[in-house]
Amino acid sequence: MTTRIRKAVIPCGGMGTRFFPATKAIPKEIMPVIDTPVLSHIVDELIAGGIDQIYIILGEGKQAIKEYFVPNPRLEKQLAHKPEVLETLRNITKNAEIRFGLQKVPRGSGDAIMCAREFTGDEPFIMANGDDLIVSDVSAAKQLCDAYAKQPALVLGVQQVPETETYKYGIVDPKSIDGRFVWCKGMVEKPKQNPPSRYAAIGRYVLTPEIYERIEQVPEVNGEVSLTDAIYAMIKDGKVYAYELEGRRYDMGDKFGALTATVDFALKRPDLKDKFAEYLKSVVNGK
Ligand code: G1P
C-alpha cells in the first residue's frame, strides 16, 4: 500500500444545533470566519498538506456547501468588471478536485464515511471534521501525512486538552508515548468521568481502507453507526496510534470557539488588525 496520501474526506452531516437558528438556513460549515467559510479554510489546510482530491459528504439541507465550491459562470460573468473579486472566487477551487457525496439519512459518522468507499478505493485518506479548524505553521494534514509516512497505520490527530474538557472528545488510552507518537490501547468517546488521558481526538484522522470492513461490523445503536466503535475495534488489534498535532484548534461548532477564531483571524489580517486591536482595547478599557 502507498504511503503517499492524496485524498481527503470531509463529512458534513451534523445539523449544527448549537448554532440554531442560523443553521436552519446556513450549514454550520459555511458559517464564515470574517469572510471565508470554515470549510474553505479546512480545504486550504488539506491542499497545503498535499491533498489534491477531496470528497465532501453532504447531508440533508447542505446544498449551500456545493454552491460555494462549484464554479458559478453566471456570477463570474456579472463580476467581469471586478477582476479582484473574480480572482477570489476562482481561487476557491483552484488547487484541488472537489467531489460531493450524499448521506441521505443521518445515521452516524461511521455510516457517513461508508459513502466515501468508492472514492478512496484501496488508498489511505485523511478524514477532516467540517467544524474543526486548525491553524498551524505546518498544515495539520501535512503533519498527519508525514506521521503516516513514518508509521503507516490508522492515525488519530490529537491534542492535550484540560481535564475539565475531556468530556467533549474521544479520549485516547495510551499504551506508550514516544514524542508526538502516542500508541493506543483504547479510546473512550466523551468520558463523563475518569478520562484515560488528556489526549483528545480533534477532528483529523488518517483512515486506512480496513476501516470500511470494521464499520460494517459495528452494530447500529439508536439509528447510528459509530466511527469511534470501528476505530476502537482496530485499536484492539494494535493497528492505531495517535499523533499529537502542533497548532491552535478552534471548535467552530461552538459559539465561543467561533468567536475566538474570528478575533484571532481579525488580529492577523493586514486590512483589519490595527483598527480591530484599537477597538478591542477600547472595549476592554471600558471606553
Ligand atoms: C467527534 C468525535 C470525537 C472527537 C470530536 C472532535 O465528535 O466523535 O471523538 O473528539 O469529533 O471534534 P463530535 O464533535 O461529532 O461530537
Side-chain angles (χ1 to χ4, degrees), residues 8-20 23 27-29 31 38-39 41-42 45-46 56-59 62 103 106-116 126-136 140-141 143-144 154-174 182 184-192 195-207 211 214-215 218 220-235 240-245 247-258 260-261:
V9 174
I10 312 176
C12 297
M15 284 201 287
T17 46
R18 288 180 291 172
F19 266 106
F20 271 161
T23 43
K28 62 177 172 177
E29 297 83 1
M31 301 274 276
V38 176
L39 196 53
H41 288 293
I42 294 174
E45 173 215 306
L46 293 169
I56 299 179
I57 302 167
L58 305 174
K62 299 274 179 155
Q103 186 189 23
R107 284 181 61 230
S109 50
D111 179 69
I113 285 300
M114 285 307 278
C115 303
I126 298 271
M127 178 186 118
N129 285 1
D131 56 3
D132 284 307
L133 181 58
I134 303 171
V135 178
S136 46
Q143 295 179 55
L144 282 180
L154 192 150
V155 193
L156 307 168
V158 296
Q159 280 189 337
Q160 297 193 59
V161 299
E163 193 159 334
T164 49
E165 302 274 301
T166 47
Y167 73 95
K168 295 181 188 169
Y169 301 93
I171 302 294
V172 161
D173 189 358
V182 181
C184 308
K185 63 171 189 255
M187 184 177 173
V188 186
E189 183 67 12
K190 303 184 180 132
K192 291 199 176 68
S197 75
R198 295 195 295 113
Y199 287 106
I202 54 162
R204 293 292 184 281
Y205 309 76
V206 176
L207 298 181
I211 196 69
R214 300 303 183 120
I215 294 171
V218 167
E220 191 173 314
V221 178
N222 300 327
E224 300 220 335
V225 179
S226 152
L227 176 67
T228 307
D229 287 357
I231 293 176
Y232 188 71
M234 287 181 68
I235 291 177
V240 179
Y241 66 91
Y243 184 79
E244 189 175 5
L245 292 169
R248 171 85 163 89
R249 175 238 174 209
Y250 300 93
D251 179 358
M252 299 303 292
D254 172 75
K255 291 186 237 311
F256 187 75
T260 51

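One-based numbering, in listed order, for ligands and for the atoms of each. Computed over heavy atoms, backbone and side chain alike; hydrogens, waters and symmetry mates excluded.
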For Ile134, does its backbone N or O pair with a side-chain atom of Arg249 as donor and acceptor, under 3.5 Å?
no
Taking the side chain as every heavy atom from C-beta outward, state whether Leu39 and Ile56 have any pair of such atoms under 4.5 Å apart.
yes
Would you check, one step at a time, whether the test side chain to side chain donor-acceptor pair (under 3.5 Å) holds for Gln160 with Glu244?
CA-CA 8 Å; Gln160 297 193 59; Glu244 189 175 5; 3.3 Å; yes
Can you tell which of Lys62, Met127, Gln103, Met114 makes a side chain to side chain contact (heavy atoms under 4.5 Å, CB included) with Ile57?
Gln103
Going by side chain to side chain contact (heavy atoms under 4.5 Å, CB included), Met187 matches just one of Ile171, Thr228, Val158. Which one?
Thr228
Provide, line by line, the atom pairs where ligand 1 and the protein bring an N/O atom each to a distance under 3.5 Å; else say none.
residue, atom, partner, partner atom, Å
ligand 1, 7 (O), Lys190, NZ, 3.3
ligand 1, 8 (O), Glu189, OE2, 2.6
ligand 1, 9 (O), Gly170, N, 3.0
ligand 1, 9 (O), Glu189, OE1, 2.8
ligand 1, 9 (O), Glu189, OE2, 3.4
ligand 1, 10 (O), Gly170, N, 2.9
ligand 1, 10 (O), Ala201, O, 2.6
ligand 1, 11 (O), Asn129, ND2, 3.1
ligand 1, 12 (O), Asp132, OD1, 3.3
ligand 1, 12 (O), Asp132, OD2, 2.8
ligand 1, 16 (O), Lys190, NZ, 2.5

More than 12 heavy atoms of other groups within 6.0 Å of Phe20 CZ
yes
